[in-house]
Amino acid sequence: MKPIVTRFAPSPTGALHIGGLRTALFNYVYAKQNNGKFLIRIEDTDTERSTKEFEKNILDNLTSIGLQPDEDPINQSERNAIYLKAAEKIFQSGNAYWCDCSQDELEEMRREQTAAGKKPMYDGRSRNLGLERSNKTVLRLATPENGEIIVNDLIRGEIKFNNNELDDLILLRSDGSPTYHLCNVVDDYEQKVTTVIRGEDHISNTPRQIHIQNALGYPELEYAHLPLVLGTDKKRLSKRNAATSLEEYRDKGYLDSAILNSLARLGWSQGENEVFYLDDLIKDFNIKDVQKAGAIFDITKLDWLNSQHLSKLNLDEFKDLLEPFLNNMGININDHENVDLLIDSLRTSDNNLSGIATQLFPYYKDIKDYDYDAIKKFLSNNNILHDLKEILINLEDWNEESINHLLTKYQHENNLKVPQVNQPIRIALTGKTKSPGLGLTLVIFGKKLAIKRIEELIKICDK
RNA sequence: GUCCCGUUCGUCUAGAGGCCUAGGACACCGGGUUUUCAUCCCGGCAACAGGGGUUCGACUCCCCUACGGGAUGCCA
């Protein structure tokens with residue numbers, strides 16, 4: 001059996017899209033689990049919309065997330081001669097003809113067909129005219145008029161198309177440039193692709209491409225048409241309904257492994273497992289188990305998956321990944337006397353790294369804004385804060401246990417409720433009423449800074 | 001319009017004719033742990049698009065309808 005070769009063929013008309021990333025992932029996983037190759041082809045024949053920046057973005061992102069191609073990517077824009085040769089071959093074999101219908105004429109034809117309740121399609125009027133090539137002619141494939149094409153889809157089974165539903169598609173434009181279908185078919189052959197895994201929006205392109213393959217005498221390919229990734233409005237995921245670029249998710253602090261995990265779970269599942277890494281997918285993924293219906297991309301599931309992946313990191317790994325997010329806020333992660341304790345205590349404070357970095361801010365930098373509602377609630381008078389400051393100043397042994405002991409003692413002696421003692425300190429230290437256990441929080445801050453923060457809040461309350 | 005693909009809890013899904021009183025996960029709601037928050041634990045809510053067949057029996061097979069998506073380009 002031939003080794004499996006898959007490919008991801010993006011158009012560089014935008015940054016790497018997470019829908020595209022999912023297609024790439026399935027291609028990569030399928031190739032790897034079959035000891036095959038995963039290739040990339042840049043479909044940049046649309047010179048109007050394609051850019052080198054997007055191309056670089058797509059390639060860099062795929063590589064950095066772990067979906068490296070097994071060969072250097074190829075660009076369609078550089079392979080014109082190959083396509084022209086293939087077109088010539090089809091023409092020579094009598095499976096293509098020149099057509100000089102103008103755009104206006106075609107439009108008129110479609111209008112009439114639609115008006116007559118028929119499917120608008122090219123009627124093959126130039127097919128037997130034996131026209132010569134000119135700067136006004138396009139090369140059209142002579143599609144068989146009878147019979148049918150059966151696409152055997154790994155996910156959907158057999159899909160039948162009647163040849164009479166298909167019109168004679170254009171292979172070469174009047175400016176001599178090759179069209180998408182031709183390039184696609186030729187490249188899949190040239191790259192020795194065996195399996196085409198792509199979005200279901202390509203299903204109806206498939207029989208057309210098979211006709212081109214047949215005209216060229218190419219072998220059959222294996223197909224798998226993936227269900228689309230949808231936005232919450234059930235429309236195809238796009239900038240209109242969600243963040244679409246991989247970078248946006250990375251910038252928010254979602255882990256690569258969590259992003260890949262959530263993308264894989266869109267349309268595929270295995271038993272009752274939810275957490276998967278790339279290696280797990282290579283081991284357990286089965287293309288035949290992929291769902292047929294489109295799947296809505298739910299950010300809350302990604303949130304949860306991210307927290308799962310975050311929790312599996314050891315502290316050093318966690319710190320390394322968190323660091324850039326702190327840097328973005330002008331914080332040096334090591335600029336704290338109890339870094340490890342601090343990070344370890346706050347690592348579950350949010351489900352993404354940028355959120356955690358935000359939580360960490362008051363532990364590194366001066367408090368930007370206090371929760372004034374909380375101040376109103378817990379500090380209607382600040383006698384308690386004064387008392388606590390004195391008590392803490394006099395505490396020699398600054399550890400979690402002794403701090404907790406002192407605070408509890410103060411609470412009992414003054415007949416106060418727990419929050420009446422604790423929340424003022426929390427607000428003083430972090431600006432808000434949330435923090436790890438109070439003794440622990442005070443230890444993290446250290447005596448000097450803790451006292452300083454309490455004094456600052458006393459000043460604010462005195463105003 | 002025509003052709004193609006699809007339709008199980010709000011969301012992702014399990015389900016290959018009896019194992020289904022339709023399972024899991026996220027979200028949500030409630031409870032517990034935590035002096036607060038998060039984590040964690042326990043519990044709850046919630047779905048087979050509709051209608052016909054086939055069958056002793058249908059979420060599962062067939063047909064129709066509805067709805068959604070795609071194609072119908074000298075875009076990819």
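Keep in mind that what you see is a predicted model, and the values were worked out from it rather than measured. Values below: every heavy atom of this structure, side chains too, minus hydrogens, waters and symmetry copies.
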Could you please name the partner base of B:U39, counting Watson-Crick and G-U wobble pairs only when both distances are under 3.5 Å? none
Selection from B:U35, B:C5, B:C75 that lies nearest to any side-chain heavy atom of A:N404: B:U35
What contact category does A:S174 fall into here, base, sugar-phosphate, or nothing, at under 4.0 angstrom with non-hydrogen atoms? base
Please state the C1' separation for the pair B:A66 and B:G24 - nearest whole angstrom. 30 Å
Classify the nucleic acid contact of A:P419 as base, sugar-phosphate or nothing, counting any heavy atom under 4.0 Å across all strands shown. nothing
Do any side-chain nitrogens or oxygens of A:R156 fall under 4.0 Å of OP1 or OP2 in B:C4? no
To the nearest angstrom, how far is A:L228 atom CG from B:G68 atom P? 16 Å
Quick check for you: among B:A76, B:G69, B:U13, whose closest atom lies nearest to any side-chain atom of A:K235? B:G69
Distance test, side-chain N/O of A:T45 to OP1/OP2 of B:A76, below 4.0 Å: yes
Ranking B:G70, B:C4, B:C12 by distance to the side chain of A:D201, first place goes to B:G70
How would you label the contact of A:K432 with the nucleic acid (heavy atoms, under 4.0 Å): base, sugar-phosphate, or nothing? nothing
Partner nucleotide of B:G1 by Watson-Crick or wobble geometry (both distances under 3.5 Å): B:U72
At under 4.0 Å, does any side-chain N or O of A:S349 touch on OP1 or OP2 of B:C37? no
Same-atom distance (C1') from B:C45 to B:C56, integer angstrom: 36 Å
5' precedence on RNA chain B between A:S435 and A:S307 (nearest-nucleotide basis): A:S435
Reckon A:N205 touches a base, only the sugar-phosphate, or nothing at all at heavy-atom distances under 4.0 Å? base
Can you tell me which nucleotide in B:U11, B:A76, B:U36 comes closest to the side chain of A:Q423? B:U36
Looking only at the side chain of A:K301 (C-beta and beyond, no hydrogens), which of the listed nucleotides B:U2, B:A76, B:C12 gets closest? B:C12
Looking at every strand, decide which applies to A:P10 at a 4.0 Å heavy-atom threshold: base, sugar-phosphate, or nothing. nothing
So, is A:K234 close to the B:U11 phosphate, meaning a side-chain N or O under 4.0 Å from OP1 or OP2? yes
Between A:T114 and A:R110 (side chain of the first, backbone of the second, donor and acceptor by atom type, cut-off under 3.5 Å), is there such a pair? yes
Please pick, from B:A14, B:C3, B:C74, the nucleotide with the shortest atom-to-atom distance to any side-chain atom of A:F161. B:C3
From B:C75, B:U72, B:A27, nucleotide with atom closest to A:R208 side chain: B:U72
Rounded distance in Å - CG (A:N241) to C1' (B:U11): 15 Å
Sugar-phosphate, base or nothing in reach of A:G267, heavy atoms under 4.0 Å: sugar-phosphate
When the C1' atoms of B:U33 and B:A27 are considered, how many whole Å apart are they? 22 Å
In whole angstroms, the gap separating P of B:U35 from CG of A:N415 amounts to 20 Å
To the nearest Å, how far apart are A:D168 CG and B:C74 P? 12 Å
Contact class for A:T300 vs. all strands (heavy atom < 4.0 Å): base, sugar-phosphate, or nothing? sugar-phosphate
A:Y249 and A:F297 aromatic ring geometry - parallel, tilted or perpendicular at 30°/60° bounds: perpendicular
Say we look at B:C20 and B:U11: how far apart would their P atoms be, to the nearest angstrom? 25 Å
Expressed as a whole number of Å, how far does the P atom of B:C4 sit from that of B:A22? 35 Å
Of all the nucleotides listed (B:A38, B:G69, B:A76), which has the minimum atom distance to the side chain of A:E43? B:A76
Tell me what A:G439 touches on the nucleic acid: a base, only sugar-phosphate, or nothing, going by heavy atoms under 4.0 Å. base
What does A:R110 touch in the nucleic acid at a heavy-atom separation under 4.0 angstrom: a base, only the sugar-phosphate, or nothing? sugar-phosphate
Does A:R140 qualify as a cation-pi partner of A:Y122, given the criterion of NZ or CZ under 6.0 Å from the six-membered ring centre and within 45 degrees of its axis? yes
Contact class for A:C101 (heavy atom, under 4.0 Å): base, sugar-phosphate, or nothing? base
Looking at A:R265, does any N or O in its side chain come under 4.0 Å of the phosphate oxygens OP1/OP2 on B:U11? no
Whether A:D188 side chain and A:V185 backbone form a donor-acceptor pair below 3.5 Å: no
Does A:Q270 place a side-chain N or O at less than 4.0 Å from the phosphate oxygens OP1/OP2 of B:G24? no
Separation of the P atoms in B:C67 and B:G15, to the nearest angstrom: 30 Å
Taking atom types as they are modelled, would you say the side chain of A:T348 forms a donor-acceptor pair with the base of B:A38 within the 3.5 Å cutoff? yes
How do A:P178 and A:I159 order along RNA chain B: which one's closest nucleotide is nearer the 5' end? A:I159
Mind checking if A:H225 touches a base, just sugar-phosphate, or nothing, with heavy atoms under 4.0 Å? nothing
Could you please name the option among B:A25, B:A14, B:C74 that lies closest to any side-chain atom of A:E274? B:A25
Checking A:Q420 side chain against A:K417 main chain: does a donor-acceptor pair fall under 3.5 Å? yes
For B:G52 versus B:G70, give the span between their C1' atoms, rounded off to a whole number of Å. 28 Å
Value in whole Å for how far the C1' atom of B:A71 lies from CG of A:N162: 15 Å
Check the phosphate of B:A76 against A:R41, side-chain N and O only, distance under 4.0 Å to OP1 or OP2. Yes or no? no
Can you measure A:L139 atom CG to B:C74 atom C1' for me and round it to whole angstrom units? 12 Å
State which residue, out of A:V29, A:I197, A:T195, fulfils the side chain to side chain contact (heavy atoms under 4.5 Å, CB included) condition with A:I287. A:I197
If I pick the P atom on B:G43 and the same atom on B:G6, what distance separates them, to the nearest angstrom? 38 Å
Would you call A:D123-A:R125 a salt bridge at under 4.0 Å N-O? yes
Write down the distance between CD1 (A:I42) and P (B:C75), rounded to a whole number of angstrom. 20 Å
Assess whether side-chain hydrogen bond (donor to acceptor under 3.5 Å, both in side chains) is satisfied between A:Q423 and A:R426, documenting all intermediate values. CA-CA 5 Å; A:Q423 298 304 47; A:R426 283 209 167 84; 3.0 Å; yes
So, do A:H309 and A:Y254 have ring centers that fall under 6.0 Å from each other? no
Whole-Å distance between B:G73 C1' and A:Q113 CD? 14 Å
Can you tell me how the ring of A:H336 sits relative to the ring of A:Y364, calling it parallel under 30°, perpendicular over 60° and tilted otherwise? perpendicular
Assess whether one donor atom and one acceptor atom, taken from the side chain of A:T179 and the base of B:C74, lie less than 3.5 Å apart. no
Nearest listed nucleotide, side chain of A:A293, among B:G70, B:U11, B:U7: B:U7
